[in-house]
Amino acid sequence: MFTKDAILKNAQEEGVNFIRLMFTDLFGTVKNVEIPLSQLQKALDNQIMFDGSSIEGFARIQESDMLLFPDLGTWLVFPWSPGEARIALLVCDVYHTDGTPFAGDPRSNLRRVLKEMQELGFSRFNLGPEVEFFLFKLDEKGRPTPELNDHGGYFDFAPLDLAENCRRDIVIELEKLGFEVEASHHEVAPGQHEIDFKYDEVLAACDKIQIFKLVVKSIARKHGLYATFMPKPIAGINGSGMHSNVSLFNADGTNAFYDPEGDLKLSGSAYHFLAGILKHVRHFAAVTNPTVNSYKRLTAGYEAPVYVAWSPSNRSPLVRVPASRGMGTRLEVRSVDPSANPYLAMSVILAAGLDGIKNELVPAESVEDNIFAMSAEELAARNIDALPTTLKEAVDLFWEDEVMTGALGAHIAEKFSEIKYKEYDDFRLAVHEWELKRYMSLL
């Protein structure tokens with residue numbers, strides 16, 4: 001853990017010229033205020049102010065002044081700063097000028113839900129994300145094109161996988177930043193890739209997701225490529241997910257999901273948490289799958305989880321229980337996609353699981369058959385629901401669930417929904433290329 005003095009000393013030793021004070025808006029976009037080294041002490045004293053009314057969904061014009069409170073434990077120096085400038089980073093929480101946390105700050109919101117977890121006697125919530133992305137070629141002006149970088153498949157390598165060197169450079173830079181990278185490989189779809197890094201306490205893991213995206217995009221450009229975390233950039237092939245492996249820990253540091261005497265060696269808390277996710281997942285989809293494009297990934301036939309069910313091994317249900325036990329016991333929530341704001345996604349997943357624990361919910365029986373091969377009649381007979389099919393349906397369902405709206409708080413829930421309804425309406429009113437090709441010559 002860095003102290004203020006340690007950060008000031010390290011900045012001098014590393015020759016840092018600028019510091020990015022990073023925060024995340026409601027929609028998962030990384031924002032920053034960049035300051036010169038001379039202002040670092042002021043930043044460490046929580047005195048850097050910015051205009052919150054300029055950030056969509058943040059604050060109204062009459063209450064625009066906001067402060068950035070750096071999390072000292074997030075200090076890092078980028079090894080790949082451009083030109084002669086050396087750049088460092090601090091992840092920040094957003095506060096009002098009176099010193100109270102801003103209710104519209106996604107990171108602070110996750111802290112609030114974590115406090116509820118602690119009040120129930122748990123000490124820690126871990127997240128291990130599996131983030132997928134696509135690589136497209138850039139044109140001569142540095143703009144992304146619709147041309148994929150390669151046409152490889154799952155676990156392919158050169159010459160089919162033409163992004164090996166790019167992925168290796170991404171991994172090298174991540175490791176320089178302190179990430180423990182566990183795997184890097186080509187994914188199922190052409191041009192699709194995945195880099196997995198070790199789980200961490202959920203707040204730190206969400207910070208890493210945001211930094212990971214910055215590194216991936218920056219290094220891809222150095223290779224003449226454009227990295228996108230869009231869930232479904234190309235029709236007819238698999239989309240990108242962000243499978244989220246989650247686990248709760250007791251006050252004594254033991255894994256709360258593990259019980260050597262339990263069925264499948266899972267504890268009662270694990271089953272209750274699982275039941276909470278299954279109960280609320282249709283209602284938190286707007287947060288874990290927050291774009292119009294998200295619902296083009298969530299369709300049957302492309303390995304994306306569409307149906308609300310769970311299994312200890314089958315990968316077609318929405319929640320899977322990986323084989324690891326002991327400290328590695330966890331639940332894998334497979335519906336989340338990389339367009340999600342990670343702080344908000346984890347807020348609703350944690351709140352859903354805690355609701356299951358508080359109310360001792362019991363999950364339905366696991367599904368061992370391939371759900372994608374089931375008929376509508378078979379699904380109905382087994383009471384297997386489907387996720388919403390559009391962003392509008394997802395936001396409608398979100399507002400039906402007081403636990404989910406409570407997990408985001410009034411400010412975020414209202415602002416998020418307002419803008420997502422408008423996003424869907426903009427999409428609904430737009431005339432798309434498909435319509436022109438389909439109808440222009442016929443009508």
Close side-chain approach of [X] and [Y], heavy atoms under 4.5 Å:
{"X": "Arg107", "Y": "Asp207", "result": "yes"}
{"X": "Leu248", "Y": "Leu350", "result": "yes"}
{"X": "Leu68", "Y": "Asn46", "result": "no"}
{"X": "Leu387", "Y": "Val281", "result": "yes"}
{"X": "Leu331", "Y": "Asn245", "result": "no"}
{"X": "Phe427", "Y": "Leu429", "result": "no"}
{"X": "Ser294", "Y": "Leu391", "result": "no"}
{"X": "Val333", "Y": "Ile349", "result": "yes"}

With sequence neighbours left out, write down each residue that passes side chain to side chain contact (heavy atoms under 4.5 Å, CB included) with [X], or none if nothing qualifies.
{"X": "Ala352", "answer": "His280, Phe284, Met404"}
{"X": "Asn32", "answer": "Arg20, Glu34"}
{"X": "Arg382", "answer": "Val367, Asp369, Met374, Ile384"}
{"X": "Asp426", "answer": "Lys422"}

[X] (side chain) donor-acceptor with [Y] (main chain) under 3.5 angstrom:
{"X": "Thr254", "Y": "Asn250", "answer": "no"}
{"X": "His243", "Y": "Val131", "answer": "no"}
{"X": "Asn255", "Y": "Thr329", "answer": "yes"}
{"X": "Gln210", "Y": "Thr24", "answer": "no"}
{"X": "Arg297", "Y": "Ser240", "answer": "yes"}
{"X": "Ser417", "Y": "Ala413", "answer": "yes"}
{"X": "Asn109", "Y": "Ala407", "answer": "yes"}
{"X": "Thr74", "Y": "Val91", "answer": "yes"}
{"X": "Ser339", "Y": "Met230", "answer": "no"}
{"X": "Glu435", "Y": "His432", "answer": "yes"}

If you look at every heavy atom in [X] and [Y], which pair is closest and at what distance?
{"X": "Asn238", "Y": "Phe134", "result": "O-CZ, 3.4 Å"}
{"X": "Glu132", "Y": "Phe229", "result": "O-CD2, 3.6 Å"}
{"X": "Ala227", "Y": "Phe133", "result": "CB-CD1, 4.4 Å"}
{"X": "Gln47", "Y": "Leu67", "result": "C-CD2, 4.1 Å"}
{"X": "His411", "Y": "Ala103", "result": "CB-CB, 4.2 Å"}

- request: List in chain and number order the residues that pass ring-ring contact (aromatic ring centres under 6.0 Å, His included) with Phe372, two or more places apart in sequence or in another chain; answer none if no residue qualifies.
  value: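 None.
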message: Run the ring-ring contact (aromatic ring centres under 6.0 Å, His included) test against Tyr95 and tell me which residues pass, sequence neighbours left out.
response: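 ring-ring contact (aromatic ring centres under 6.0 Å, His included) check on Tyr95 returns Phe69.
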Can you run down the salt bridge (Lys or Arg N to Asp or Glu O under 4.0 Å) pairs that involve [range], sequence neighbours left out, and say none if there aren't any?
{"range": "residues 208-219", "value": "Asp200-Lys208"}
{"range": "residues 243-271", "value": "none"}
{"range": "residues 328-344", "value": "Arg320-Glu332, Glu332-Arg334"}

query: NE2 of His185 to NE2 of His193: how many Å apart, nearest 0.5 Å?
result: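 One gets 11.0 Å once the value is rounded to the nearest 0.5 Å.
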task: Measure the CD1-CD1 distance between Ile172 and Ile219 for me, rounded to the nearest 0.5 Å.
output: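 Taking CD1 in Ile172 and CD1 in Ile219, the distance rounds to 9.5 Å.
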Can you check whether [X] and [Y] have ring centres sitting under 6.0 Å from each other?
{"X": "Phe249", "Y": "Phe125", "answer": "no"}
{"X": "Phe197", "Y": "Phe179", "answer": "yes"}
{"X": "Phe273", "Y": "Phe257", "answer": "yes"}
{"X": "His283", "Y": "Phe398", "answer": "no"}

query: Do NZ/NE/NH1/NH2 and the carboxylate oxygens of Asp401 and Lys279 come within less than 4.0 Å?
result: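 The answer is no: the pair does not qualify as a salt bridge.
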Please tabulate, one pair per line, all N/O donor-acceptor pairs under 3.5 Å involving side-chain atoms of residues 359-366, not counting sequence neighbours.
{"residue": "Asn359", "atom": "ND2", "partner": "Asp355", "partner atom": "O", "Å": "3.1"}
{"residue": "Asn359", "atom": "ND2", "partner": "Asp355", "partner atom": "OD1", "Å": "2.9"}
{"residue": "Ser366", "atom": "OG", "partner": "Glu368", "partner atom": "OE2", "Å": "2.7"}

Step-by-step side-chain hydrogen bond (donor to acceptor under 3.5 Å, both in side chains) determination, Glu194 to Ser184: CA-CA 6 Å; Glu194 179 176 316; Ser184 164; over 6 Å; no
- prompt: Taking only residues two or more places apart in sequence, or in another chain, which ones meet Glu402 in a salt bridge (Lys or Arg N to Asp or Glu O under 4.0 Å)?
  reply: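 Residues passing salt bridge (Lys or Arg N to Asp or Glu O under 4.0 Å) with Glu402: none at all.
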- prompt: side chain to side chain donor-acceptor pair (under 3.5 Å): which pairs involve residues 119-128, sequence neighbours left out?
  reply: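 Sorted result for residues 119-128: Arg124-Asn126.
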task: I would like to know whether Asn149 and Tyr226 meet side-chain hydrogen bond (donor to acceptor under 3.5 Å, both in side chains); could you show each step before the answer?
output: CA-CA 9 Å; Asn149 175 63; Tyr226 181 80; over 6 Å; no
